[in-house]
K.L.:
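For reference, the structure I am asking about is given below.
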2 protein chains.
Amino acid sequence: MAAANVRDVAALAGVSVGTVSNVLNQSKPVAPETAKRVHEAIDKLGFVRNDAARQLRVGQSRTVGIMVLDVSNPFFTDIARSVEDTLTQFNRSLILGNSGDLASRELAYLDLFEEQRVSGLLITPVGNVLSRLERLRDRGSPVVLVDRHDNARSFSSVSVDDQRGGYLAAAHLADTGRTNIAFVGGTSQLQQVAQRSGGAQDALRERGVAPLRVLELDSMRAEAGRIGAEQLLALPASSRPDAVFAANDLIALGVLRALTHAGVRVPDDIAIIGYDDIYFAANAAIPISSIRQPAWEMGRTATELLMAEIEAPGRGEYQHVVFQPELIVRDSTVRSAD
Amino acid sequence: MAAANVRDVAALAGVSVGTVSNVLNQSKPVAPETAKRVHEAIDKLGFVRNDAARQLRVGQSRTVGIMVLDVSNPFFTDIARSVEDTLTQFNRSLILGNSGDLASRELAYLDLFEEQRVSGLLITPVGNVLSRLERLRDRGSPVVLVDRHDNARSFSSVSVDDQRGGYLAAAHLADTGRTNIAFVGGTSQLQQVAQRSGGAQDALRERGVAPLRVLELDSMRAEAGRIGAEQLLALPASSRPDAVFAANDLIALGVLRALTHAGVRVPDDIAIIGYDDIYFAANAAIPISSIRQPAWEMGRTATELLMAEIEAPGRGEYQHVVFQPELIVRDSTVRSAD
DNA sequence: GAGGGATAGTGAATCGTTTTACTGAGAGTG
DNA sequence: CACTCTCAGTAAAACGATTCACTATCCCTC
C-alpha cells in the first residue's frame, strides 16, 4: 500500500539503489540491459520519485518562483505564461504567487519560497523587501526583478521605461488639445506608478500645460477606476478634467465604465488613456488608447537572465534590460474617422 | 556562510533539537522562557526551515495544487484567487499549474504534483487523467474536480449545471426571435463544451427551432472566436446564422470583434451570447449577454471539500455540489431601450 | 514519605533520495 | 606479465527536519 521507493525498485530489478538513481538522473552510464530492468520495475511498482528527499539531498529545488502583483491583470498572466513557456525549455517548473498588491501577502510568499529553497525567483516587488531578496540571493536563489528597474544594481532586472511611457501618454493627450489632465492610479509607493506620473508631468511641463491632478487609490484594479471616476465627477464642472491618464488598463476600464454610465461622452467630454495594452482594453465599449508593454518578451528575457544566474552562480554581474513602451492610439482619445 | 539549521539554533539557544522543533510547530508545550531563547537564536541566525526535510519526514507537503485550463481566462483566475483566499485560513499555500487546454502539459504538471506529494489537488481536467487522479488520491493526495461533474463518483466535485446553462442561453436566443443559431466552442472533448451545446440543443428542440450549427475549434480563447466568426462570414448569406452562442466569454469577445470588424451589426444582424460572465465581456464594445457562474463560491466550496478530505482522510464519501447558472441579458442579444 | 501525575526537555531513529569512495572485471599497452 | 584505464555497479554516508520513547523535576495527595 505504501508508495514504492528506490529501495523497492532496486530490489525488484536486482540492482543497488545507486544504480536506480543513475538511471533516474542519467548521472552515470548504465548498461542498456540493466536500465531496461530498472524501468520495468519502476513501471510495475508505479514508482514516483519523492521530490522532498531529492531536494533535501541536492539542496535546491527544480522549481522557480514568480510573484506577480495581480493575477487577475492580463498583463501579469501574459508575463507568467511567457515565463512558464521559457522554463519548460530548461526543464523546470513554475510556482506562482499572487501578492495582490499587499505587502503582507508578499512576505508570506517570500517565506514560502525561502522554505522551499526555490532555484530562483522572479518578482515584481510591492513592499520594502530588498533585504529579504538579498538574503534569498545570498543563500543560492538568484532573483530577477520584473517590471521594475533596480536602482541599487544588486539584482538583474527587466523593465519598461515607465517614465517614457508616462511621457508618451501625456504628450499624446496634450498634443490632441487636452489641457486639464487627471492621473488615476494606485499608490505612488509603486515605482511603476510614480514613474508613469512623473514622466507625464515632464511632458506637460515641456508643453506649458497645467500639471497633472493626481488621484492616488489603494488598488490597481477596475474597481479603483470606478472610484476615481466618481471623485472626478464630484468636482465642479469648471475644474473637471478633460482627460484621464490611468495607471493601467484595468483602471482605465473602470473609469470608462463609470464615466459612460454617468452620461459623460468619451472621448468628446473626457479622453481616456490606459497602460499595458491588454486585449480587453482594445475591445472595450470604446476601444482604449494605451501604452503597450512587451509582456511576452519581458517574461522570456527575465527567465533567461535568471537561468543564466542559476547555472553560473556567483558572478555578481547584474544585467538591466529596459524595453521601450509604445503609444497605441484608439477611439478613447481621438474621434475616429474610421 | 551555509544556511543555519535546527542544530545550530539548538546549540545557540542551549536546548535540544527536539525543543526547537516543538517551538517551531507548537506540537508540545515549551516554557515561555525557553521559547524566547529559541526565537532569539532563530532571528540571530536568520534560520529558515528547510521545507524539503520537513516534508520528507512528515510525508506530505503543506501546499495544495490547482490546475486550471487557462490562466488568461479571468473566470479561472477568479476561482484561483478564491481558492488562495480560502487556503490562507487553513494556513496552506497554493501552487498553480496551467494546462492551457493541452493534455501533455496537464500530464507534466500531474507528474510535478505527484513528485511534490501535494496535500491535495483541485483540477479541471482536460485529458483522460482519471486513473492518474485515482492513484494520486490513493497515495494520500485527495482530489476535487472543479467545474466538472464526476460521473464515476469517485471524487468530490464542484460544478455548474452546464446543461442548464446551455439551455438558458439558447432559450433566450430563440425566445427573442432567433431561428438560426450557431455554437462556437472548443473541442467537445471538454465536458463543459459538450454539455453546454447539448443543453442548447434541448432548448431548440423543445421550441421547434432548427438545431445548432456546431463549430468546433481547438481552443477556448478569443483567437478561436475570431476564426469561428470568419467561418460563419464565409457562409452564403442565405444560411448565415442570426445568433451565436459562444462556449465562453473570451470566444464571444473574439466573435464580436471579428463580426463588427466585418461590418455586421450586433445584435441587429447577429446576436451574441457568451458564458462565464467575466468583467471584460460586460464592458465590451457591445456589452455581451452571458451565463453567469459563481466563480468565487466555486473556489471556496471546492477548497472546503478538499480540506475536509485532507483532514479526515479515507472516508470514501464524495460530495457533489452543483451550482445553478444565471442568464444575464445585455445589449449583444437585445436592442436596448436604455 | 511513597506513589502518581503533570510538565519540560532530551537524543536517537527515521523519512527517501543523491553522491562519493570503492570494488571487480575486462581490455589495451609497453 | 604487470600495469594502468575504462566501464558498471555497490554500499554507506550524507541532507535537515520531526517524532517517539525516555528521563528528570516538581508538586500534590493519601
Side-chain angles (χ1 to χ4, degrees), chain A residues 1-39 41-42 45-63 111-112 114-119 139-140, chain B residues 1-39 41-42 45-63 111-112 114-119 139-140:
Chain A
M1 200 69 210
N5 58 23
V6 277
R7 221 176 310 274
D8 301 327
V9 173
L12 182 59
V15 297
S16 74
V17 292
T19 301
V20 175
S21 175
N22 288 335
V23 171
L24 248 35
N25 306 298
Q26 290 146 332
S27 37
K28 286 205 332 191
V30 174
E33 163 63 24
T34 315
K36 183 161 156 274
R37 285 213 315 281
V38 171
H39 278 125
I42 288 176
L45 296 172
F47 166 79
V48 174
R49 183 218 267 102
N50 183 326
D51 198 50
R54 177 204 147 90
Q55 248 188 74
L56 173 58
R57 176 62 232 224
V58 173
Q60 252 206 355
S61 95
R62 297 183 57 73
T63 64
D111 286 344
L112 176 72
E114 202 165 350
E115 289 192 354
Q116 305 241 30
R117 308 289 195 265
V118 290
S119 56
R139 294 200 173 159
Chain B
M1 200 69 209
N5 58 24
V6 277
R7 221 176 310 275
D8 301 328
V9 173
L12 182 58
V15 298
S16 75
V17 292
T19 301
V20 175
S21 174
N22 288 335
V23 170
L24 249 35
N25 305 298
Q26 290 145 336
S27 36
K28 286 206 331 192
V30 174
E33 163 62 23
T34 315
K36 183 161 158 275
R37 284 212 316 281
V38 172
H39 278 123
I42 288 177
L45 296 172
F47 166 79
V48 175
R49 183 218 267 101
N50 183 325
D51 198 49
R54 176 204 149 92
Q55 221 173 276
L56 173 58
R57 177 62 234 233
V58 173
Q60 252 206 357
S61 94
R62 299 222 331 284
T63 64
D111 286 345
L112 177 71
E114 201 165 350
E115 289 191 354
Q116 304 240 33
R117 308 289 195 265
V118 289
S119 56
R139 294 200 173 161

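Below, each value reflects all heavy atoms present in this structure, side chains not excepted, and no hydrogens, waters or symmetry copies.
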K.L.:
Could you pull out the closest heavy-atom pair between B/R37 and B/G14, with the gap in Å?
P.N.:
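That closest heavy-atom pairing would be NH2-O, 4.0 Å.
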K.L.:
Is there side-chain contact between A/V38 and A/V15, with at least one heavy-atom pair below 4.5 Å?
P.N.:
yes
K.L.:
Whole-Å distance between C/dT17 P and A/R62 CZ?
P.N.:
16 Å
K.L.:
Within this structure, what is the CZ-to-C1' distance between A/R7 and D/dT10, rounded to whole angstrom?
P.N.:
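Taking atom C1' of D/dT10 as the reference, CZ of A/R7 is at 14 Å.
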K.L.:
Is A/E115 salt-bridged to B/R54, going by a charged N under 4.0 Å from an acidic O?
P.N.:
no
K.L.:
Return the value, rounded to whole Å, for the distance between atom CD of A/E115 and atom P of D/dG16.
P.N.:
15 Å
K.L.:
Side-chain contact, heavy-atom cut-off 4.5 Å: A/S61 with A/Q116?
P.N.:
no
K.L.:
Between A/Q116 (CD) and D/dA17 (P), how many Å, whole number?
P.N.:
14 Å
K.L.:
So what does B/V30 hit on the nucleic acid, given a heavy-atom distance under 4.0 Å: a base, only sugar-phosphate, or nothing?
P.N.:
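If one applies the 4.0 Å heavy-atom cut-off, B/V30 turns out to touch the sugar-phosphate alone, with no base involved.
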K.L.:
At under 4.0 Å between heavy atoms, what does A/T34 touch on the DNA or RNA strands: base, sugar-phosphate, or nothing?
P.N.:
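If one applies the 4.0 Å heavy-atom cut-off, A/T34 turns out to touch the sugar-phosphate alone, with no base involved.
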K.L.:
Return the residues of residues 46-60 of chain B meeting this criterion: a heavy atom under 4.0 Å from some atom of DNA chain D. Order them by number, or give none.
P.N.:
B/F47, B/R49, B/N50, B/A53, B/R54, B/L56, B/R57, B/V58
K.L.:
For B/L45 and D/dA17, what is the distance between atoms CG and P respectively, to the nearest whole Å?
P.N.:
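Distance, rounded to whole Å: 12 Å.
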K.L.:
Find the distance B/L24:CG to D/dG16:C1' and express it as a whole number of Å.
P.N.:
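One finds 12 Å between C1' of D/dG16 and CG of B/L24, rounded.
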K.L.:
Under the criterion side-chain contact (heavy atoms from CB on, under 4.5 Å), I'd like the reasoning laid out for A/R117 against B/V48: C-alpha separation, chi angles, the key distance, then a yes or no.
P.N.:
CA-CA 10 Å; A/R117 308 289 195 265; B/V48 175; 3.8 Å; yes
K.L.:
Mind calculating the distance between NZ (A/K36) and P (D/dG9) to the nearest angstrom?
P.N.:
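Interatomic distance, NZ of A/K36 to P of D/dG9: 14 Å.
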K.L.:
Using nucleotides 10-12 of chain C, report all nitrogen or oxygen pairs with the protein that are shorter than 3.5 Å.
P.N.:
unit_1: C/dT10; atom_1: OP2; unit_2: B/S16; atom_2: N; d: 2.7
unit_1: C/dT10; atom_1: OP2; unit_2: B/S16; atom_2: OG; d: 3.0
unit_1: C/dT10; atom_1: OP2; unit_2: B/T19; atom_2: OG1; d: 2.7

K.L.:
Any side-chain heavy-atom pair from B/E114 and B/R139 closer than 4.5 angstrom?
P.N.:
yes
K.L.:
Heavy atoms, side chains only, cut-off 4.5 Å: are B/L112 and A/T63 in contact?
P.N.:
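B/L112 reaches A/T63 side chain to side chain.
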K.L.:
Side chain of B/A31 only, please: which of D/dA8, D/dT18, C/dG9 is the nearest?
P.N.:
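Taking heavy atoms from C-beta onward, the closest nucleotide is C/dG9.
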K.L.:
Specify the separation, in whole Å, of atom CG of A/N5 and atom C1' of C/dT18.
P.N.:
14 Å
K.L.:
Is the backbone of B/G140 close enough, under 3.5 Å, to the side chain of B/Q60 for a donor and an acceptor to pair up by distance?
P.N.:
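Yes.
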K.L.:
Enumerate donor-acceptor pairs with a distance under 3.5 Å from any side-chain N or O in residues 21-34 of chain B to protein atoms, sequence neighbours excluded.
P.N.:
unit_1: B/S21; atom_1: OG; unit_2: B/N25; atom_2: ND2; d: 3.2
unit_1: B/N22; atom_1: OD1; unit_2: B/S27; atom_2: OG; d: 3.2
unit_1: B/N22; atom_1: ND2; unit_2: B/G18; atom_2: O; d: 3.4
unit_1: B/N25; atom_1: OD1; unit_2: B/R49; atom_2: NH2; d: 3.2
unit_1: B/N25; atom_1: ND2; unit_2: B/S21; atom_2: O; d: 2.9

